[in-house]
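Some notes on the structure that comes next.
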Amino acid sequence: MICYDGSVTSNALLKKMVRQRKKIPSCGVDRFLMLLDGPWATLIVRELLEGPLRFNDLREALPGISAHTLSHRLKQFERYGIVTRTVFAETPPRVVYALTPLGEALRDVLAAMRRWGDTVPDAVFAEEPLSIHRRSSDFT
C-alpha cells in the first residue's frame with residue numbers, strides 16, 4: 001500500500017494490525033521502528049543489502065545471533081514484505097533470502113546510519129562516556 005506521503009506499507013502488516021486492532025502509525029519513524037525493532041533487525045538487512053544469502057551464511061555474518069532469533073526475524077521480514085524466501089528443489093534443499101524492493105529501499109537509511117555512526121567519538125563507547133551536560137552540584 002502506498003500511503004499519502006508516498007511511503008509503502010506491506011499489506012500483510014496492515015491486515016495483521018487491523019486484526020489486532022493496533023493503530024497504524026502515521027509517522028515514518030514509528031513505522032520504521034515497528035518493522036525494524038530489536039538489535040538484529042538492521043544488521044540482518046545490512047547483510048542482505050550485499051545480495052541474497054542462505055541462512056547459515058547470514059548466521060556466520062552475524063556472530064552472536066541465535067538460529068532461533070535469525071529465523072524469527074526472517075519470518076517477520078517475510079510477512080512485512082521486506083524479505084523474500086526462495087526454496088530450491090534440490091537435495092539437500094537450498095533456501096535463499098533476498099531483499100524485496102521495500103527492503104532495498106532501506107539502503108539509503110542504513111548508509112545514513114553508517115555515516116552518522118562513523119562520526120561518533122570513540123569516547124562515547126568508553127566505560128565512562130564523556131558528558132556534555134553537568135549537574136550544578138558538579139561545580140560546587
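Owing to the predicted nature of the structure, the values given are computational and were not obtained by experimental measurement. Atom set for the values below is all heavy atoms of this structure, side chains included, hydrogens, waters and symmetry mates excluded.
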Item to complete: State the CG-CG distance between Leu43 and Leu70, to the nearest 0.5 angstrom.
Response: 11.5 Å

Worksheet item: Which residues pass the salt bridge (Lys or Arg N to Asp or Glu O under 4.0 Å) test with Asp30, sequence neighbours left out?
Response: none

Discussion item. Within this structure, what is the OG1-CG distance for the pair Thr84 and Leu74, rounded to the nearest 0.5 Å?
Written reply: 10.5 Å

Item to complete: Please name the pair of heavy atoms, one in Ala105 and one in Val109, separated by the smallest distance, quoted to 0.1 Å.
Response: O-CG2, 4.4 Å

Worksheet item: Which pairs, with at least one residue in residues 98-116 and sequence neighbours excluded, count as a side chain to side chain donor-acceptor pair (under 3.5 Å)?
Response: Glu104-Arg107

Response to the item:
side-chain hydrogen bond (donor to acceptor under 3.5 Å, both in side chains) filter on Ser71, not counting sequence neighbours, yields none

Discussion item. What's the separation between atom CH2 in Trp40 and atom CG in Leu62, rounded to the nearest 0.5 Å?
Written reply: 6.0 Å

Worksheet entry | Heavy-atom closest pair, residues Tyr97 and Leu48 | O-CD2, 3.5 Å

Fill in: Point-to-point distance, once rounded to the nearest 0.5 Å, from CD of Gln76 to CZ of Arg79
5.5 Å

Worksheet item: Taking atom CZ of Phe77 and atom NE2 of His72, what is their separation to the nearest 0.5 Å?
Response: 9.5 Å

Practice prompt. Report whether Phe88 and Val83 are members of the same hydrophobic cluster (ILVMFWY, side-chain heavy atoms less than 4.5 Å apart, transitive linking).
Written response: no

Item to complete: Decide whether Val96 and Ile82 are clustered together by the hydrophobic rule: side chain heavy atoms of Ile, Leu, Val, Met, Phe, Trp, Tyr closer than 4.5 Å, transitively.
Response: no

Worksheet item: Listed by chain and number, what are the side-chain hydrogen bond (donor to acceptor under 3.5 Å, both in side chains) partners of Thr42, not counting sequence neighbours?
Response: none

Item to complete: Please collect all side chain to side chain donor-acceptor pair (under 3.5 Å) contacts where either partner lies in residues 44-63, sequence neighbours excluded, each pair once.
Response: none

Practice prompt. Can you see which heavy atom on Arg73 is nearest to which on Gly38, and at what distance?
Written response: NH1-CA, 4.1 Å

Fill in: Listed partners of Arg85 passing salt bridge (Lys or Arg N to Asp or Glu O under 4.0 Å), at least two apart
none

